[in-house]
Structure formats: structure tokens, C-alpha cells
Peer 1: 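Dropping a structure here in C-alpha cells format, bear with me for questions.
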Amino acid sequence: MQFLAFIGFTLLVAVISYLKTRKTNENTADGYFLGGRSLTAGVIAGSLLLTNLSTEHLVGLNGSAYGSGLSVMVWETLAAIAMVVTAIFLLPKYLKSGLTTVPQFLAERFDVMTKTLTSGLFLTGYVVVLLPIILYSGSLAISGIFNIPEILGVTQIQSIWICVWGIGIIGSIYAVFGGLKAVAVSDSINAVGLMIGGIMIPVLGLMMIGEGNIFSGLEILTTENPEKFKSMGGPTDPVPFYTIFTGIMLVQLFYWGTNQQIIQRALGAKNLKEGQKGLLLASFIKILVPIIVVLPGLIAFHIFQGNLETADSAYPMLVNKVLPKAWVGFFAAVLFGAILSSFNSVLNSSVTLFGIDIYKQHINKDADEKTVVKYGKTFGVLLALLSMFIAPMISNASSLYAYIQELNGIYSIPILTIIVIGYLTKRVPALAAKIGLFSGCLLYIISQFFLQPYFTNQAMKEAQASGITDAAELALVKAQSYPHYLDIMAILFLLNIGIMLLIGKLKPRKEEFIQEYTEQVDITPWKHVKPVGIVICLLVVAVYAYFA
């Protein structure tokens with residue numbers, strides 16, 4: 001019965017996606033890569049949310065909440081402010097140029113080599129980090145829900161291989177052969193399912209705590225675990241409060257404002273109004289997302305009395321505890337949709353970056369749009385196969401969420417830096433952008449993979465030599481031994497800005513950069529964009545103030 005519900009819902013999404021996209025001309029770049037520039041606010045919002053939400057959030061972020069409390073909600077609530085900034089300031093500039101990819105702007109502002117280097121950084125991050133982790137974490141979840149090893153009589157690693165290839169093949173069909181519109185439509189349907197299924201878990205959990213009464217359950221949860229309901233993280237928490245004012249906002253601005261896999265949804269908007277409304281709708285819902293990706297972790301801490309072996313097992317254990325068996329198939333299908341969404345969204349963006357920024361630019365400059373799409377699809381298939389081979393080799397998923405955030409810093413801050421400088425200055429030359437990319441990546445790698453381990457190991461040795469054995473004290477020593485990676489991001493961001501401005505002063509470009517309007521998209525802004533944006537930002541502040 002569970003398998004029937006799972007297969008039925010999954011097939012329903014596939015059929016609706018096919019019917020909605022069969023008339024889109026996907027032999028053109030706009031048709032395939034941007035859904036024919038026809039996406040409306042609701043589709044954009046749904047696609048943005050489901051592209052973002054996946055198993056690393058449901059499992060990883062709830063696991064962080066189980067261990068550290070409400071402070072980890074910063075990854076969700078602060079995203080709303082970054083999306084408002086994107087809607088008001090960045091999206092109008094993107095659509096004015098008629099961009100298909102973010103690096104295209106860099107070619108106009110700096111030069112083609114800057115664009116190619118940036119596309120290469122995006123693609124490297126996607127294939128080495130993002131795609132394999134999405135596949136691996138999703139496979140762990142699906143394998144666990146259906147208990148694949150027992151049903152098929154295989155080992156755990158064999159089960160992971162089976163699930164990885166199942167998710168990978170289906171995701172590739174959506175992304176490679178359906179284009180952005182198929183991805184966006186399937187995302188929107190799955191987003192509804194994720195909201196329903198995701199909200200059911202905390203509701204049922206609170207009812208279990210309150211013996212049938214949700215509000216009684218919430219009161220018991222907050223009064224018996226007050227230390228878990230503080231919005232401000234301490235020095236040993238995954239996200240100390242002060243990092244809100246250093247690196248977190250930069251990470252959020254990169255992710256929601258410049259990351260190709262995300263912003264591509266808004267680039268496919270039929271006009272600026274729809275794009276802005278879609279971003280703001282998604283940002284408002286984002287404030288509520290901690291109900292799905294943070295609250296269940298807190299509920300699990302109460303129900304299991306903090307006695308689980310690993311924090312990341314909190315969410316799956318809670319699902320098994322509170323969800324009626326009849327709903328397991330539906331919930332697994334929704335979870336499968338979230339996994340699929342993240343995978344096929346990254347894959348579609350990879351195909352776009354390769355087709356537009358590499359194949360058309362460097363391999364076959366005379367290629368027509370149909371040829372660009374064809375070779376983009378071929379690259380997508382190869383990329384999907386490579387990620388499916390890499391995914392099962394990831395052995396440690398226990399710190400998956402933090403691992404992704406830290407590793408993404410290699411390319412996220414350098415790319416954000418050159419885009420900010422590109423839009424805010426007119427004379428900084430292409431040389432500055434190349435140096436900014438190179439120095440940003442190199443300095444971050446040296447900091448996090450050489451200096452940080454060295455200083456941390458030294459501090460821990462000294463602490464143990466001085467007789468410190470308490471786990472909490474050792475955790476504090478470790479946290480204070482080297483700046484938090486989010487602080488490092490902020491330091492390098494400012495350093496790179498300074499380097500680029502200095503180069504611009506010493507060796508400015510000959511002519512000022514002037515952005516041209518291509519008239520591909522109507523860029524009349526939504527008249528309520530600023531008032532609604534301000535209200536959303538005030539809501540974020542209010543949430544923090546309430547739980548502070």
C-alpha cells in the first residue's frame with residue numbers, strides 16, 4: 001500500500017508536468033533554459049522553495065535544531081531578507097540585460113574569460129559537492145523509510161547505490177529532457193505536497209506531546225525545554241548569533257541573488273512584476289519554513305529526551321514515531337519530490353551554464369540555438385552519470401549541512417564579490433575580477449583546509465595537556481581556537497573588495513560600463529515591491545525579537 005501511494009503520487013506529478021510543458025518550444029535557448037520566459041509568480045515561488053528544500057534541510061537542519069535549538073533557524077529566516085534584496089535590486093538588473101545565466105553579465109561588465117572562469121567555478125561546485133550530496137542524502141532517506149536493505153535483501157551500501165541511480169535517472173529525465181519549465185512545474189506541485197507532509201510531522205508530534213491537543217503540546221515543549229527556544233546562538237553553536245552580521249548575510253545574498261540554480265527560476269519570469277512577486281511570496285513563506293525544518297528537531301529532542309545516538313537521526317525517528325503507516329507512502333513521495341527537485345534544478349542549471357557560457361562561447365561560436373540545446377543535454381547526461389558514481393562514495397553524512405555551507409565558501413564569496421563590484425562600480429577592470437576570483441578561492445582554501453586544522457589541533461593539545469577533559473569546555477576551546485568560517489567569509493569578502501577597488505584606482509578601464517536594456521522582458525517593477533519587502537524584513541526582526 002505504501003509503495004502504491006508512493007508510485008501513484010510520483011506518476012501524477014510526472015503526467016501533470018508533461019501536459020503543462022508539451023507546447024513549450026524547447027529547441028530554443030529561452031524555451032529550454034528559461035521555460036520560454038513564461039513563468040508566473042506562483043510557479044517561481046514554488047520552484048524556488050522546493051529547489052532549496054531537500055533532505056539536507058529536513059534531516060540536517062532538524063538534526064542541528066535537535067542538538068543546538070532554535071538558533072539554527074537563521075538559515076531560513078534570514079533568507080527572506082536576501083530574497084527581498086534580490087527582488088528589489090538585483091532582479092531588475094538581470095532582466096534588463098535579458099540574461100540567461102548570471103555569468104553572462106560578467107562577460108558584459110568585465111570580459112569573456114571572467115564569465116568562463118565563473119561558470120567553471122559553478123560547475124565544479126555542482127558536480128563535486130552539490131549533486132553527489134543531494135543524491136547521497138536523499139538515498140539515505142528513501143532507503144531508511146522503505147527499509148530497502150531488508151525488502152530487497154541487499155546491504156546498506158548496495159541500497160544506497162540503487163536509490164542513487166533511481167533518483168539520478170528520474171531527475172535527469174526531468175532536467176535534461178524537460179528543460180526548466182518541466183522542472184519548475186513539477187517543483188510547484190511537489191511544493192504543495194511538501195508543505196502538507198512537512199506540517200503534518202510537527203502537528204502530529206505536538207499532539208503526541210499534548211495528548212491530542214496541539215497547543216498543550218506546544219506549551220509543554222516550550223516550558224520544559226526553555227534553553228532550546230532561543231534565537232541567538234552561543235559561541236559553540238553551529239551558528240553563533242554575531243555571525244548574522246558577518247558571513248551569514250553574504251552567504252544568503254550569494255545563494256538567493258547570484259547562484260545560478262536558484263536565480264534561474266526568476267530569470268524565467270514572464271516580466272519583472274511576476275519575478276518580484278514570486279521572490280517576495282517565497283520570502284514570506286520562508287519565514288514559516290522553520291515549522292518544517294527546525295520545530296520537528298525540537299519536538300524530537302523532547303520526545304526522545306535527547307537520547308538518540310546521532311542528531312541527524314532525529315527527523316527520521318520522529319517521522320516513524322508519529323506518522324500513521326497509511327501516510328508513509330505519500331510522505332515518501334513528497335520527500336522523493338524534494339530530493340528530485342534539488343537534483344534536477346542543479347542539473348538543469350549546469351546544462352544551461354555549459355551550453356550558453358562554454359559550448360556556444362568557446363567550442364562552437366556559430367552553433368544555432370537547437371545545437372546549443374542538443375550539446376547542453378549531452379553534457380547534462382554525462383554530468384548526471386558522474387555525480388551518480390561519486391555519490392555513494394560519500395561516507396560521512398552526519399555533518400552534511402555544515403559541510404555543504406563551508407565547502408561552498410570556496411566559490412560563493414569570490415563570485416558574490418565580483419558581481420557586487422560589477423554592479424556598483426563603472427571603472428574597475430577585468431583584471432581585478434580575475435584576481436578577485438583567484439585570491440578569494442585560494443585564500444579561503446588556505447584558511448579552512450590548512451590554517452584552521454593546524455590552530456584547532458594545537459589548541460586542543462594544549463587544553464588536554466592542561467587537564468581539561470569536560471566535553472563542553474573542550475568544545476568552547478575548539479570554537480575559540482580559530483575564527484568561524486562565516487567570519488572568514490566576511491573578512492575575505494572585504495579584502496577582495498579592497499583589492500579590486502585598488503586595482504580599479506591604479507588601472508581603471510578606459511570607458512565607463514553602461515548597462516544596456518535588451519527589451520527581451522518588460523522591466524516595469526511591481527508597484528508594491530518596496531512596501532511588501534519592508535514588511536517582510538520587519539517580520540524577520542520581530543521573530544528574532546520574540547524568541548530572544
Peer 1: So do Tyr94 and Thr258 actually touch side chain to side chain, heavy atoms under 4.5 Å?
Peer 2: yes
Peer 1: Does either side chain, that of Ser447 or that of Tyr482, offer a donor lying less than 3.5 Å from an acceptor on the other one?
Peer 2: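 Yes, a side-chain donor-acceptor pair sits under 3.5 Å.
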Peer 1: Check the angle between the aromatic planes of Phe301 and Tyr66 and answer parallel, tilted or perpendicular using the 30° and 60° thresholds.
Peer 2: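 Answer is perpendicular, since the angle exceeds 60°.
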Peer 1: Does any part of the side chain of Leu117, heavy atoms only, come nearer than 4.5 Å to the side chain of Lys434, both counted from C-beta?
Peer 2: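 When only atoms from C-beta onward are counted, Leu117 and Lys434 do touch, with a gap below 4.5 Å.
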Peer 1: Please determine, by modelled atom types, if Asn408 and Tyr411 share a side-chain donor-acceptor pair under 3.5 angstrom.
Peer 2: yes
Peer 1: Any heavy-atom pair between the side chains of Lys321 and Phe304 that's under 4.5 Å?
Peer 2: yes
Peer 1: To the closest 0.5 Å, what do you measure between CG (Leu295) and NZ (Lys228)?
Peer 2: 13.0 Å
Peer 1: Could you check Arg109 against Val428 for side-chain contact (heavy atoms from CB on, under 4.5 Å), going step by step and ending with a plain yes or no?
Peer 2: CA-CA 9 Å; Arg109 174 61 181 84; Val428 173; 3.8 Å; yes
Peer 1: Taking side-chain hydrogen bond (donor to acceptor under 3.5 Å, both in side chains) as the test, write out the residues that go with Asn225, two or more places apart.
Peer 2: His302
Peer 1: Determine the sole option in Leu539, Val532, Val535, Val84 for which the side-chain contact (heavy atoms from CB on, under 4.5 Å) test with Phe284 is passed.
Peer 2: Leu539
Peer 1: Does Phe438 CZ have over 12 foreign heavy atoms under 6.0 Å away?
Peer 2: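 No.
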Peer 1: Do Ile201 and Phe331 come within less than 4.5 Å of each other through their side chains, counting heavy atoms only?
Peer 2: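 Answer yes - side chains close enough.
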Peer 1: How far does CH2 of Trp526 sit from NZ of Lys277, to the nearest 0.5 angstrom?
Peer 2: 6.5 Å
Peer 1: Evaluate whether atom CZ of Phe449 has more than 12 neighbouring non-hydrogen atoms of other residues, nucleotides or ligands under 6.0 angstrom away.
Peer 2: yes
Peer 1: Indicate whether the side chain of Asn496 and that of Ser439 have a donor and an acceptor atom separated by less than 3.5 Å.
Peer 2: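 Side chains of Asn496 and Ser439: pair found under 3.5 Å.
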Peer 1: Heavy atoms, side chains only, cut-off 4.5 Å: are Val543 and Met73 in contact?
Peer 2: yes
